[in-house]
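A quick write-up on the structure given underneath.
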Amino acid sequence: MTASEIKKQDAQNVMQTYARYDVVIERGEGATLYDPDGKKYIDFTGGIGVNSIGYGNKKWADAIYEQAMKLQHISNLFLSEPYVRLAKTLTKRAGMENVFFANAGGEANEGLIKLARKYSFDKYGKGRSTIISLVQSFHGRTITTLAATGQEAFHNYFFPFTEGFLHIPAHDINALNAALTDDVCALLIELIQGEGGVIPLQKEYVAEIAKICKEKDILLLVDEVQTGVGRTGSLFAFSQYGIEPDAVTFAKGIAGGLPMGGIMANEKCSKVLTAGTHATTFGGNPVAAAGAIEVLNQLDDAALCEVTKKGEYIKGKIIGWNDPLVGEIRGLGLMLGISIREREGWPKPSAIAKKCVENGLLILTAGSDAVRMLPPLTITYDEIDKGLEILKAVLDSFK
């Protein structure tokens, strides 16, 4: 189909739940995408952090093809090799005890919430089920994960939301201590609040809340759906914060573009979810697991070091522009947010992103003030330079 035919069919046959850009993507190579007419786009979105090892990755494609020809699905009533191999590699590299495989981030966080409440029920009985999360957090779009999300913009339409969540401001230990009543079972955090604006938590704050959780037997839950799988320059961001979470969720980049997510638990929580307490039909799917194994093969220590270097390279370039529109540059590795200063007549991040797309750069927004970058971790320096050239030209055009 032509681009215009695809747009027409989308409007006629697909629920219009996305405010899509006026772009049709046909294929990609590395971190460069092409529309049906051959127009080129540098991709600073990575499918919102999903396409971790880029487009047209032959080793990844071969791995999933070979597995699809052997066994595409068998259900979790039976065992198969791919998910077992993946589990061993993933938990060993993350320093966690075991894993439950799901399909996406929201589903993984639903399971994380169940794990926390069951841990508390098993040990303390009923009445200890409240979970605290942070203002500006984002944990998914199911009814329960929306309730866990600390942004009022998401708390509408779908009433009644699941009960048992409190939201406190980040970096306020007094607020945390005040919220820690006898009914609290867990604290749920993102180490970098992605949808909230690419806002990293301070390491001192994270260390203090980890200490408090350990003292009070409050589970420390870390949502690494966006920060995980090499995005911040380490396999998981929690290792850069020097903490040992009780349970961690992951998704997005783990399978390089195939649907996969999951929960990793430490030893204390490794036996909480028993047979029949949690399940999912497609979790640990052999083809997705094969893709994930290849992602982890490619994201070795050298590749993760490069992610950090590329992030610092991008920051240095943008700082060197001395652009009056640009405020702070936030984030770690290749999870970066550029805050856009507010002034009458100056563009909003959404206007900047729209014009970037028109000029051949796919880029995201986050929170109320930021343009966000989540490119494939394998993006080349040449692709980075081309993308930043477009971004700079767009910023200059608004002056």
Side-chain angles (χ1 to χ4, degrees), residues 46 49-54 57-68 70-74 76 78-105 107-108 111-112 115 222-240 243-271 273 280 282-308 333-334 376-378:
V50 167
N51 300 317
S52 50
I53 54 174
N57 188 300
K58 189 174 186 306
K59 288 184 177 180
W60 176 82
D62 286 346
I64 62 176
Y65 171 78
E66 290 170 11
Q67 182 56 50
K70 289 169 63 178
L71 180 72
Q72 77 272 32
H73 182 71
I74 191 61
N76 287 308
F78 307 97
L79 290 84
S80 64
E81 182 181 341
Y83 80 85
V84 172
R85 288 178 54 206
L86 174 59
K88 181 179 179 180
T89 300
L90 185 62
T91 55
K92 183 177 180 179
R93 289 184 63 179
M96 301 297 283
E97 187 71 14
N98 59 12
V99 61
F100 173 91
F101 290 116
N103 303 293
E107 183 191 359
L112 186 71
L115 181 149
V222 180
D223 176 347
E224 293 233 27
V225 167
Q226 193 165 145
T227 56
V229 196
R231 176 56 54 186
T232 65
S234 55
L235 192 63
F236 289 92
F238 70 78
S239 65
Q240 297 186 55
I243 59 170
E244 298 179 359
D246 293 300
V248 179
T249 51
F250 60 90
K252 288 193 178 290
I254 183 62
L258 295 179
M260 177 171 269
I263 310 160
M264 290 187 293
N266 67 2
E267 185 177 2
K268 180 169 75 173
C269 293
S270 63
K271 294 179 172 59
L273 295 177
T280 179
F282 292 99
N285 170 268
V287 177
I293 290 167
E294 183 56 35
V295 167
L296 293 180
N297 286 343
Q298 295 189 31
L299 294 182
D300 58 15
D301 290 343
L304 295 177
C305 184
E306 273 299 303
V307 170
T308 299
L334 289 174
L377 305 181
T378 53

Distance col, row Ile263:CD1 vs Leu115:CG, nearest 0.5 angstrom, shows 6.0 Å
What's the spacing between Leu377 CG and Ile53 CD1 if we round to 0.5 Å? 9.0 Å
What distance do Leu258 atom CG and Asn103 atom CG have between them, rounded to the nearest 0.5 Å? 11.5 Å
Might you point out which heavy atoms bring Leu235 and Arg93 nearest each other, and give the distance in Å? CD2-CB, 3.6 Å
Residues Phe238 and Met96: closest non-hydrogen pair is CZ-SD, 4.3 Å
Closest heavy-atom pair, Val287 versus Ile64, reported as atoms and distance to 0.1 Å, is O-CG2, 3.7 Å
Counting only heavy atoms from other residues, nucleotides and ligands, does the tally under 6.0 Å from CD of Gln298 exceed 12? yes
Report yes if some heavy atom in the side chain of Leu90 is under 4.5 Å from a heavy atom in the side chain of Leu296; otherwise report no. yes
pair Phe101-Ile254: side-chain heavy atoms closer than 4.5 Å: no
More than 12 heavy atoms of other groups within 6.0 Å of Lys88 NZ: no
Within this structure, what is the CD-CD distance for the pair Glu244 and Glu267, rounded to the nearest 0.5 Å? 11.0 Å
Find out whether Val229 and Lys252 are in side-chain contact, i.e. whether some heavy atom of one side chain is under 4.5 Å from a heavy atom of the other. no
Can you tell me if Thr227 and Glu224 form a side-chain donor-acceptor pair at under 3.5 Å? yes
Side-chain donor or acceptor of Gln226 paired with backbone N/O of Gly49 under 3.5 Å: no
Are the side chain of Asn285 and the backbone N or O of Gln72 linked by a donor-acceptor pair below 3.5 Å? yes
On a heavy-atom basis, which atom in Gln240 and which in Ser234 lie closest, and how many Å separate them? NE2-OG, 2.9 Å
Would you name the heavy atoms of Val50 and Gly257 that are closest together and state the gap between them? CG1-CA, 3.5 Å
Can you measure from CZ (Phe282) to CG (Asn76) and round to the nearest 0.5 angstrom? 11.0 Å
For the backbone of Thr91 and the side chain of Asn98, can you confirm whether one donor and one acceptor N or O come within less than 3.5 Å of each other? no
So which heavy atom on Ser52 is nearest to which on Gly256, and how close? OG-CA, 3.8 Å
May I ask you to decide if Gly283's main-chain N or O and Glu107's side chain share a donor-acceptor pair within less than 3.5 Å? no
Are the side chains of Tyr83 and Val99 in contact, using a 4.5 Å heavy-atom criterion? no
Please determine, by modelled atom types, if Glu294 and Asn57 share a side-chain donor-acceptor pair under 3.5 angstrom. no
State, with a plain yes or no, whether a side-chain heavy atom of Met260 is found less than 4.5 Å away from one of Leu86. yes
